[in-house]
Number of protein chains: 2
Amino acid sequence: MDRRIPVDDDRTGHRIVPEAIRRSDRPADRLAGARYGNRPTMKDVAARAGVGLKTVSRVVNGEPGVTPETEHRVQEAIDALGFRRNDSARVLRKGRTASVGLVLEDLADPFYGPLSRAVEEVARAHGALLINGSSAEDPDREQELALALCARRVDGLVIIPAGDDHRYLEPELKAGVATVFVDRPAGKIDADCVLSDNYGGARDGVAHLIAHGHRRIGFIGDMPRIHTSAERLRGYRTAMEDAGIPVEDSWMSLGVTDPERVRDAAEGMLTGPSPVTAIFAGNNRVTVTVIRVLAEQTRRVALVGFDDIELADLLEPGVTVVAQDAAAIGRNAAERLFRQLDGTLVTPERIELPTRLITRGSGELPPAD
Amino acid sequence: MDRRIPVDDDRTGHRIVPEAIRRSDRPADRLAGARYGNRPTMKDVAARAGVGLKTVSRVVNGEPGVTPETEHRVQEAIDALGFRRNDSARVLRKGRTASVGLVLEDLADPFYGPLSRAVEEVARAHGALLINGSSAEDPDREQELALALCARRVDGLVIIPAGDDHRYLEPELKAGVATVFVDRPAGKIDADCVLSDNYGGARDGVAHLIAHGHRRIGFIGDMPRIHTSAERLRGYRTAMEDAGIPVEDSWMSLGVTDPERVRDAAEGMLTGPSPVTAIFAGNNRVTVTVIRVLAEQTRRVALVGFDDIELADLLEPGVTVVAQDAAAIGRNAAERLFRQLDGTLVTPERIELPTRLITRGSGELPPAD
DNA sequence: CCCGGATCTGACAACGTTGTCCAGGCTCTA
DNA sequence: TAGAGCCTGGACAACGTTGTCAGATCCGGG
């Protein structure tokens, strides 16, 4: 706090850079011109090395047919000028960008970290750069982002949909942009998608509670217009039906996402006329809120959550969850994307990856009336 | 699981696209040509609308000087052809890309979610796209990524350094690429950076333990070559020194990151000849592992962690932490970046943001010998 | 000494867009 | 009705790179 490294010391680097200073003097530059601060081009390198333009290009791209001696001279000029190839121009000429776009919902959601990372790894393995942005669950923003990426001519697009109508992508698909939807299917267009088995996972999770003796089981989920929510709800209903348990309306809360409201919903179903003895939480955010609520109860209420949460095993009791494999989903999606680009893959498919029930205690509590 | 959307139905979208099919027939196309699957250009639009090239450009960019009637004709042609402006060409011509790069360490680390998101929000507010990638803590990969972004001519770069030598960026800085380092300072160059007050935060955290009566306090941190680790270690040492407590070597573990080794280290300092009664964990990953170890102990050991962790308040006891405000750091960094681009900001500075001690129980346990 | 062939090099066009500049047609006024 | 001034539209060059192609150089063999 008290001893800071001085910022105006005399270390190397960032001396007075003429361009940097001048930039602030000419406001006009800021808006239109600025020409990347006048970076050297191949032409400059060629002039300095005393060779032709194409020879520089050859050296930069490691193409054969350049004498070691010439190559050396060019390389020297490159280093001296600090030249770096302008990929925009390259892309324009070559037609391929070697980059893929990822549109996700919310960067801050822990589910997307591993997913995003898996996509990046695969992209990297294929020599492509990953460009991503998040839609903040706003369909308009998703569209805006996806189209911006298309305008940059990404070779492919991995999308975690926020909206439910993706016809805006039709021209892009037609133009050959590879596309894979993840976590939720595409709306109103036919495209590749990679999902978790939301229905089966939820069904198994609820069946697990039933197997431990519960009959009055609550379900708290997101808006049913979201595919994953609808599927998980369907799984809940099926499990209850299979066990011959009629579901009461007061056991279900759909469409509330705000933690305060989730809390109200949970408390409501715990204290109603026919109080639940177990809760199935439809996603990780809901799970966390429900954990808080249950911690305040004297009665022990069972809980199974969809999606794993960090430290779930350290809580008392440990939280039983239906876990998705985010990394596997991401890897799968990215690999399909590149197979589309290969031409190895032509027919759109829907892939559903299995979920895994992880028992840690909270789902194995017996009913306490 | 059972009901899948048929892939060969007759809805619109994804009909047999000649380009897509032909692409797989001509392997050569995959590598070099492919020309974005022959997307329409402004020329095509102009031809179809029966106007000049520049008129199309004007319509696309909303420039004035086009009759509503002409504009309408052009717009129709655009929709009919599914035209989308090629931003690569635009960038080449204009010299500005309206995009910034973010190089982070590990997308899966929860600390970077909010940070990344904050950067994105600011970028978005400035009309820029965010391109990001993660270095996986590998200095070579950080360099590779940063330079790849420069080759794409991003206007600016936010870097969370993995390495400690950033001289490779000198030509880029000179060329006018705005750059802000985050979380750790730049190595061997003079550049803007936005950090947490790691030293002060750690010092306060350790002082907090001392205030609760602890004298034998352990420190588990990352490699001291990482700036944050070194600063936090320095804070630990200062706090101990200020309290007149000589530090024993066996109380410190530096440079272990692998959870198994962290566990060994923690167990070691709990059972050694002069066992600690409290532990200061140098980062969130260490904190989590230490929580696990302490949960297995019969003796109650106090804990303060650097960096907040999710659900820290639900554990028993709640985990006391020194919290960084990742979102504030990201916002700050991004805003500085755009101020550099404005020209409003010229002198590199080091900004240190305060941390906040959040007491939840684990840091307030008394010493138990 | 000349020629064929191999090797190396450079001039040039093209990629799709935007900035500049000018032509032509219109309206308005004197 | 002529001239001035405005509005609309289009021809053209340029951005920095790469593919094509042809020219230059050098070698050894006839």
Side-chain angles (χ1 to χ4, degrees), chain A residues 28-29 31-74 77-78 81 83-98 150-153 175, chain B residues 28-29 31-47 49-74 77-78 81-98 150-153 175:
Chain A
D29 277 0
L31 300 168
R35 294 252 65 80
Y36 316 119
N38 294 323
R39 298 199 70 135
T41 72
M42 285 193 178
K43 206 158 111 188
D44 302 324
V45 174
R48 176 162 183 137
V51 302
L53 190 54
K54 186 62 218 250
T55 301
V56 176
S57 171
R58 271 191 273 259
V59 171
V60 170
N61 295 295
E63 288 171 29
V66 181
T67 333
E69 199 261 333
T70 309
E71 179 174 349
H72 182 72
R73 241 183 25 253
V74 171
I78 288 176
L81 295 173
F83 166 80
R84 186 160 329 276
R85 183 179 62 196
N86 184 332
D87 272 355
S88 292
R90 173 169 224 257
V91 157
L92 178 60
R93 185 65 235 256
K94 303 202 70 139
R96 276 295 169 106
T97 58
C150 288
R152 304 257 157 156
R153 295 296 188 269
Chain B
D29 278 0
L31 300 168
R35 296 252 63 80
Y36 315 119
N38 294 322
R39 296 198 72 136
T41 72
M42 285 192 178
K43 206 159 110 187
D44 302 323
V45 175
V51 301
L53 191 53
K54 187 61 219 254
T55 302
V56 176
S57 171
R58 272 192 270 260
V59 171
V60 169
N61 294 296
E63 287 171 29
V66 181
T67 335
E69 199 261 332
T70 309
E71 179 174 347
H72 182 72
R73 242 183 25 252
V74 171
I78 288 176
L81 295 172
F83 166 80
R84 184 158 333 274
R85 183 179 62 197
N86 184 332
D87 272 355
S88 293
R90 172 168 225 255
V91 157
L92 177 60
R93 184 65 234 256
K94 301 203 71 139
R96 277 293 170 106
T97 58
C150 289
R152 305 256 157 158
R153 295 296 187 269

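Chain identifiers are assigned alphabetically (A, B, ...) following the order of the sequence lines, protein sequences preceding nucleic acid strands; residue numbering begins at 1 within each chain. Computed from heavy atoms alone, side chains included, the values below leave out hydrogens, waters and symmetry copies.
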Q: Looking at every heavy atom in both A49(B) and A77(B), which two are closest together, and how far apart are they?
A: CB-CB, 4.0 Å
Q: Please state how far atom CD1 in I78(A) lies from atom P in dT17(D), giving the value in whole angstrom units.
A: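 After rounding, the reported distance stands at 10 Å.
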Q: If the test is side chain to side chain donor-acceptor pair (under 3.5 Å), which one of R90(B), R85(B), R84(B) qualifies with D87(B)?
A: R85(B)
Q: May I ask you to say what N61(B) touches in the nucleic acid, namely base, sugar-phosphate or nothing, with a heavy-atom cut-off under 4.0 Å?
A: sugar-phosphate
Q: So what is the end-to-end bend of the helix from dC1(C)-dG30(D) to dA30(C)-dT1(D), with 5 pairs used at each end and the value given to 10 degrees?
A: 60°
Q: Need to verify one output field. Residue with the more 5' nearest nucleotide on DNA chain C, E63(B) or A89(B)?
A: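 First, find each residue's nearest nucleotide; the 5'-ward one identifies A89(B).
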Q: Any idea which heavy atoms bring R39(A) and D44(A) closest together, and the distance?
A: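 Reported closest heavy-atom pair: O-OD2, 4.2 Å.
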Q: Mind listing the closest non-hydrogen atom pair of T41(B) and F83(B) along with its distance?
A: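 Heavy atoms of T41(B) and F83(B) come nearest at C-CE1, 3.6 Å.
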Q: In whole angstrom, what separates R84(B)'s CZ from dG16(C)'s P?
A: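 Rounded to whole Å, this separation is 16 Å.
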Q: How long is the line joining CZ of R153(A) and C1' of dG16(C), in whole Å?
A: 9 Å
Q: For R39(A) and dG16(D), is the shortest distance between a side-chain N/O and OP1 or OP2 below 4.0 Å?
A: no
Q: What is the distance, to the nearest angstrom, from the CE atom on M42(A) to the C1' atom on dG19(D)?
A: 13 Å
Q: Starting at CZ of R48(A), measure out to CG of L81(A) and round the result to the nearest 0.5 Å.
A: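 Separation between the atoms: 5.0 Å.
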Q: Give every pair of a protein N or O atom and an N or O atom of nucleotides 9-13 of chain D that lie under 3.5 Å apart, one pair per line with the distance.
A:
from, atom 1, to, atom 2, distance (Å)
dG9(D), OP1, T67(B), OG1, 3.0
dG9(D), OP1, T70(B), OG1, 2.3
dG9(D), OP2, T67(B), N, 3.2
dG9(D), N7, R58(B), NH2, 3.1
dG10(D), OP1, G52(B), N, 3.3
dG10(D), OP2, G52(B), N, 2.3
dG10(D), OP2, T55(B), OG1, 2.9
dG10(D), N7, R58(B), NH2, 2.9
dG10(D), O6, R58(B), NH2, 3.4

Q: For M42(A), which of N86(A), V60(A), I78(A), V74(A) qualifies under side-chain contact (heavy atoms from CB on, under 4.5 Å)?
A: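 Answer to the side-chain contact (heavy atoms from CB on, under 4.5 Å) test with M42(A) among N86(A), V60(A), I78(A), V74(A): V60(A).
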Q: Find which nucleotide of DNA chain D each of F83(A) and P64(B) is nearest to by heavy atoms, and output the residue with the more 5' nucleotide.
A: P64(B)
Q: Specify the separation, in whole Å, of atom CZ of R90(A) and atom P of dT18(D).
A: 5 Å
Q: Let me know the distance between CG of D87(A) and P of dG16(C), rounded to the nearest Å.
A: 18 Å
Q: Check whether any side-chain heavy atom of R58(B) lies under 4.5 Å from a side-chain heavy atom of E71(B), and answer yes or no.
A: no
Q: Does the side chain of S57(B) get closer than 4.0 angstrom to OP1 or OP2 of dT17(C) through an N or O atom?
A: no
Q: Let me know the distance between CD of E69(A) and P of dT25(D), rounded to the nearest Å.
A: 16 Å
Q: L92(B) has an atom CG; how far is it from atom P of dT17(C), in whole Å?
A: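 To the nearest whole Å, that distance equals 12 Å.
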Q: V91(A) and R96(A): which non-hydrogen atoms are nearest, and at how many Å?
A: CG2-O, 3.8 Å
Q: Got a second to check how far R93(B)'s CZ is from L92(A)'s CG, nearest 0.5 Å?
A: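 Reported to 0.5 Å precision, the distance equals 12.5 Å.
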